[in-house]
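Below: one structure, written as structure tokens.
All heavy atoms count here, side chains included; hydrogens, waters and symmetry mates do not. Just so you know, ligand 1 is whichever comes first in the structure, and atom 1 is the first atom listed for that ligand.
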Amino acid sequence: MAPQILTVLGSTGSIGVSTLDVVARHPERFRIHALTGATQLEKLHDQCLAFSPRYVVVLAEPAAETLRARLRASGSETEVLCGEAALERVASDPAVTTVMAAIVGAAGMRPTLAAARAGKRVLLANKETLVLAGRLFMDEATRCGATLLPIDSEHNAIFQVLPRAYREAPYAGTLCAAGVKRILLTASGGPFRQRPLATLADVTPEEAVRHPNWSMGRKISVDSASMMNKGLEVIEARWLFNADVDDIAVVVHPQSIVHSMVEYVDGSVLAQLGAPDMRIPITYGLAYPERAESGAASLDLFSVGRLDFEAPDLARFPCLRLAFEALRAGGAATAVLNAANEVAVAAFLDRRLGYTGIPALIDAVLAECEGQTCAESLDALMDADALARERADAWLGARR
Ligand code: NDP
Ligand code: MG
């Protein structure tokens, strides 16, 4: 079989590095066409030497110049491009078959959309694309014949246990017609599942990024601690699987072994289990519909011992409640939620905002933007994103 030709958007991040780890295990199956990063130039340099891509993309010209000089000195022939247009170009290049969308945040939306519009096989890690522009993105992916393979572990699990015809064309039918009663989205509950509520205001960035089961980038780690990550994932599932908000239930499962489940009308519940290692869903996406070695350890059920499940506590995790409310509100509310959350998390990581300030800020921004945004076009959604960021900055400024 001809090898897949890959662009890895966000190759220096947690998902990007795991993707390259899997690619290196199967040199006959995958070739790297382009890599992209933002700040970690030395890591990008090393990745270029290891994978010899045709292109590498960074955000700004000074970084491009530095990387160019480093690569030239190392004898690399990789061409350095820069800027957002270059990200879209390497995501839609006719030479590319497959795009791993692993930039973090709303910044990943345009290149991911470019890949979908070019009809690529899109391995979707960047959940913010669907939170910001779910309907538009799914419409474009369907219209342009893109193949979407979810990489988020929960969505990858759900994809694996849905009927094949449905998962490959969810908008050609309905969950109900496919015999599905509901989607059970599992959540670890993060590091603060049992922490006394009165001490949440004292949470530090170091505590928030220390996830009990997964090793991930800083932004998603904070989202996991606040359970905003699960809120974003409910929205992601709504769009990926053409599900109604009421078709999706969140189940807290602290061991992160059951990665999600689908309940069928006959009462059967199908689950996908595995070690908490992102190389498993990444390899599934890369090899689909085949299977390949991922490098992940075998699941040792005897050392796991037990699997627990509990209902989510919306008083402890107001971000999850806010995400459900935004999804029900519709329009551009989830774009506002996403942007406000990005500003709040960045401020928290910078120690400009306390941990309990995260939901307070998002709640205030959602209220302020109500009735002032619409989701009719990409421009309208980007306007909603910009308005929310502006209001979030003003909210932070007023408390300084
Ligand atoms: P990281 O923070 O580890 O990596 C983010 C990547 O995006 C890096 O390559 C970074 O470059 C690049 N980047 C950051 N800002 C920009 C920007 N403005 N423009 C272009 N590139 C940028 O994130 P993760 O790998 O953890 O997550 C990536 C995505 O995957 C997120 O959307 C996350 O929600 C999702 N995801 C991640 C999971 C995980 O286990 N990590 C699990 C499920 C989903 P640099 O590092 O060079 O600055
Ligand atoms: Mg997840």
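For L67 against L44, the heavy-atom pair with the smallest separation is CD2-CD1, 4.0 Å. Of all heavy-atom pairs spanning P53 and T78, the tightest one is O-OG1, 2.7 Å.
Checked against the 6.0 Å centroid threshold, F241 and Y166 do not count as a close aromatic pair.
Under 4.0 Å is where a charged nitrogen must lie from a carboxylate oxygen, and between D247 and R182 no such pair does. Salt bridge R25/D21: present, at least one basic N to carboxylate O contact under 4.0 Å. Under the 4.0 Å criterion applied to side-chain N and carboxylate O atoms, E42 and R70 are assigned as salt-bridge partners. Between D223 and K219, at least one side-chain N (NZ, or NE/NH1/NH2) sits under 4.0 Å from a carboxylate O, which counts as a salt bridge. The existence of a salt bridge linking R210 and E207 is excluded, since no basic side-chain nitrogen approaches an acidic carboxylate oxygen closer than 4.0 Å.
Considering only non-hydrogen protein atoms, atom 3 (O) of ligand 1 sits nearest to S14 N, 2.9 Å. The shortest contact between atom 26 (O) of ligand 1 and any protein heavy atom is with G217 N, 2.9 Å. Here the protein heavy atom with the shortest distance to atom 34 (O) of ligand 1 is K127 CE, 3.2 Å. Looking only at protein heavy atoms, the nearest one to atom 21 (N) of ligand 1 is I103 CG2, 3.5 Å. Looking from atom 10 (C) of ligand 1 to the surrounding protein, the closest heavy atom is T12 OG1, 3.9 Å. For atom 18 (N) of ligand 1, the nearest protein heavy atom (residue, atom name, distance) is A107 CB, 3.4 Å. Among all non-hydrogen protein atoms, the one lying nearest atom 27 (O) of ligand 1 is I15 CG1, 4.2 Å. Protein heavy atom at the shortest distance from atom 36 (N) of ligand 1 is I220 CD1, 3.6 Å.
Nearest to atom 30 (O) of ligand 1 by heavy-atom distance, out of A125, G108, A106, S221, is A125.
The distance cut-off of 2.8 Å around the Mg ion (ligand 2) captures these protein N, O or S atoms, sorted by chain and number: D152 OD1, E154 OE1, E233 OE2.
At least one heavy atom of E128 sits less than 4.0 Å from an atom of ligand 1. Remark: distances from the non-hydrogen atoms of A102 to ligand 1 include one below 4.0 Å.
Every atom of ligand 1 is numbered from 1 in the order shown, and the set under 4.0 Å from a heavy atom of T39 is 45 (P), 47 (O), 48 (O). The ligand atoms of ligand 1 that sit less than 4.0 angstrom from a heavy atom of G13 are 1 (P), 3 (O), 4 (O), 8 (C), 9 (O), 25 (O). Within the listing of ligand 1, atoms 32 (O) sit less than 4.0 angstrom from a heavy atom of N126.
The shortest distance between side-chain heavy atoms of C319 and I362 falls below 4.5 Å. Using a 4.5 Å cut-off on side-chain heavy atoms (C-beta onward), R391 and Q372 make contact. Residues C176 and V180 form no side-chain contact, since every pair of their non-hydrogen atoms from C-beta on lies 4.5 Å or further apart.
Residue contacts with ligand 1: M216 is placed with no nitrogen or oxygen under 3.5 Å of a nitrogen or oxygen of the ligand (distance criterion only).
For the side chain to side chain contact (heavy atoms under 4.5 Å, CB included) criterion with K127, the lone passing option out of I235, N229, L240 is N229.
For M278, every heavy-atom contact with ligand 1 shorter than 4.0 Å involves the side chain, none the backbone. With a heavy-atom cut-off of 4.0 Å, V104 touches ligand 1 through backbone and side chain alike. Contacts between L59 and ligand 1 below 4.0 angstrom, taking non-hydrogen atoms only, involve the side chain exclusively.
Classified by interplanar angle (parallel below 30°, tilted 30° to 60°, perpendicular above 60°), the ring pair H26/F30 is perpendicular. Note on ring orientation: taking the six-membered ring where Trp is involved, the planes of H253 and F309 are parallel (angle under 30°, cut-offs 30° and 60°).
Cation-pi geometry between R195 and F192 is met: the NZ or CZ atom falls under 6.0 Å from the ring centre, inside 45° of the normal.
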